[in-house]
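In what follows, chains carry the letters A, B, and so on, assigned in the order in which the sequence lines appear, proteins first and then strands, with residues in each chain numbered from 1.
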Amino acid sequence: MNHKMIMILGVTASGKGWLAFELARQIDAEIVSVDSMKVYRRMDVGTAKPSLEARRQVRYHMIDVVEPSESFSAGLFLEKASAAIEEVRGRGKSVVAVGGTALYSKALLYGLFEGPGSDERTRRELLARVESEGPAALHRELSEIDPAAADRISHNDAKRIVRALEVYRLTGRPISSLQRQFDGPGAVENWTIIGLRRERPVESARINARVKKMVQTGLVDEVRSLLAEEAPLSPQARCAIGYAEMIEHVQGRLSLDEAVEQIKKNTRRLAKGQRTWFRRFPDVTWIDVGAEESVESVLERVMQRIG
RNA sequence: GGGCAGGUAGCUCAGUUGGUAGAGCAACGGACUGAAAAUUCGUGUGUCGGCGGUUCAACUCCGCCCCUGCCCA
């Protein structure tokens, strides 16, 4: 008994993957990856997946669950991840959830609203209208049926406008009346949330080093072979950082150096967005990691917090 | 040593007839509920190389010095 639910947060390249692995071994837990890109098979180097060796030692979930040609979603994530967590708990083991996809983490903590998933036909239709009429026109339409949502969504944010209209069309209810989960207590209290944090320049330096290493360990070849596959990469998979830029390079629109610089820049931006999300997460115990601090030392500090 | 061209934001550079400065990129802050590594909103962060001079007022004009690049010795 006494199995734990631990969530580890941190920006990309913060070392949370290692920590999760060491922690899982220490407390005999299984790991649930909370990452929108590690779900794709054969996208290994660029998503910094745990090694096969690590995966032999600790059981991982939510990694390699779909083909690169498939689309994935927060809803699908929540469904599969919840099932995985149930399974782990059924074995009487602890759960360590690690990842950098904040929306997915939030979905685990609070759930998502009970509503329709994306509907391809409706969405295609609405997107066509965005093309011809511009997002502002649809935003005006949204403000008629759901002023609260329109107020919150920028008139240029085509994706959210489309989603809101889609939900209304499918359910006849304004999306703002359905999205209430994040306001309540959710399942937060079941989790111990640990955040890893370093000084900004250190985080940036780690990102640069990681990108360099990805290129050295075969990112270009990985992208080439993905492009050579029969089924084309899904829109989501192909905009993954590291892949989008390398596709430009492989197709001759960017030099290798330019692509690498772009990847570094976009990864830094990703980290920035992650910080913004995580800052507002509830009940996070932040661990300020020293520049040269060892995994063991961090692990020890985390163990103290977990008790 | 002499000549020429430059020294303005983290970087690349604009800056009209003197009225204490902008643009791109980078950076920073925010939003975010089934595409989220996506999408989107916002913000100049500056001893204008240094020291003097002219002027009500100097990034703009003058002098000296320092630094960088090119050319001539």
Side-chain angles (χ1 to χ4, degrees), chain A residues 11-13 33-40 43 46-49 66 70-82 99-120 122-124 126-127 130 135-136 139 146 148-164 166-167 170-171 174-184 186 200-201 203-204 207-208 210-211 214 233-246 258 261-281:
Chain A
V11 301
T12 183
S33 165
V34 186
D35 186 300
S36 63
M37 294 301 166
K38 288 186 173 87
V39 296
Y40 289 111
M43 291 174 62
T47 64
K49 268 181 209 164
V66 288
E70 292 179 81
S71 68
F72 195 72
S73 68
L76 225 43
F77 171 81
L78 181 58
E79 188 185 309
K80 289 172 182 284
S82 304
T101 303
L103 175 62
Y104 291 8
S105 308
K106 246 183 145 171
L108 275 186
L109 294 175
Y110 296 98
L112 295 170
F113 76 90
E114 312 262 328
S118 69
D119 180 74
E120 210 181 317
T122 313
R123 197 165 281 197
R124 214 189 352 252
L126 289 166
L127 282 171
V130 170
H139 188 267
D146 189 351
D151 205 48
R152 226 183 46 232
I153 300 172
S154 157
H155 59 277
N156 283 327
D157 195 345
K159 286 192 180 184
R160 290 196 173 74
I161 296 169
V162 166
R163 172 63 178 154
E166 173 186 63
V167 168
L170 264 31
T171 65
I175 194 169
S176 62
S177 73
L178 300 165
Q179 295 174 326
R180 289 293 155 80
Q181 296 63 32
F182 292 3
D183 306 333
R200 196 69 55 91
E203 290 187 338
S204 297
I207 286 171
N208 292 345
R210 169 183 271 190
V211 171
M214 282 176 177
L233 288 178
S234 69
Q236 287 136 79
R238 74 166 48 234
C239 70
I241 294 171
Y243 296 86
E245 302 85 349
M246 275 308 173
E258 287 167 336
E261 285 314 305
Q262 290 282 313
I263 294 172
K264 289 178 182 170
K265 182 189 78 184
N266 289 332
T267 308
R268 266 181 265 129
R269 282 191 177 158
L270 165 63
K272 183 165 170 28
Q274 291 174 313
R275 268 178 226 121
T276 302
W277 270 104
F278 294 151
R279 247 177 236 153
R280 323 191 69 246
F281 262 59

Hey, which of Lys272(A), Arg275(A), Arg268(A) is the one that makes side-chain hydrogen bond (donor to acceptor under 3.5 Å, both in side chains) with Glu203(A)?
-> Arg275(A)
Just the rounded figure in Å: distance from [atom2] of [N] to [atom1] of [X].
X	N	atom1	atom2	value
Tyr110(A)	rC32(B)	OH	P	12 Å
Ile207(A)	rA27(B)	CD1	P	10 Å
Gln181(A)	rU33(B)	CD	P	11 Å

Pairwise distance CZ(Arg238(A)) to CE(Met43(A)) - rounded to 0.5 angstrom =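 Rounded to the nearest 0.5 Å, the CZ-CE separation comes to 10.0 Å.
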With both distances kept under 3.5 Å, what pairs with rC28(B), Watson-Crick or G-U wobble?
-> rG42(B)
Taking a pair as Watson-Crick or G-U wobble with both distances under 3.5 Å, which nucleotide is matched to rC13(B)?
->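 For rC13(B), the partner nucleotide comes out as rG22(B), under the 3.5 Å rule.
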Tell whether Arg160(A) reaches the base of rA36(B) with its side chain through a donor-acceptor pair below 3.5 angstrom.
-> yes
Counting only distance, no hydrogens or angles, is the base of rA31(B) paired donor-acceptor with the side chain of Arg152(A) under 3.5 Å?
-> no
Which sits closer to the 5' end of RNA chain B, Asp183(A) or Ala48(A), going by the nucleotide each is nearest to?
->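 By nearest-heavy-atom nucleotide position, the 5'-most residue is Asp183(A).
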RNA chain B: Ile153(A) or Asp157(A), which has the more 5' nearest nucleotide?
-> Ile153(A)
Does a side-chain N-to-carboxylate-O contact under 4.0 Å join Glu261(A) and Lys264(A)?
->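 Lys264(A) and Glu261(A): salt-bridged.
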So, is Arg275(A) close to the rG29(B) phosphate, meaning a side-chain N or O under 4.0 Å from OP1 or OP2?
->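 For rG29(B), OP1/OP2 do not have a side-chain N/O of Arg275(A) under 4.0 Å.
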Can a side chain N or O of Arg163(A) be found less than 4.0 Å away from OP1 or OP2 on rU39(B)?
->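 Arg163(A) to rU39(B) OP1/OP2: no side-chain N or O under 4.0 Å.
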Closest to the Ser154(A) side chain: rA27(B), rU40(B), rA37(B)?
-> rU40(B)
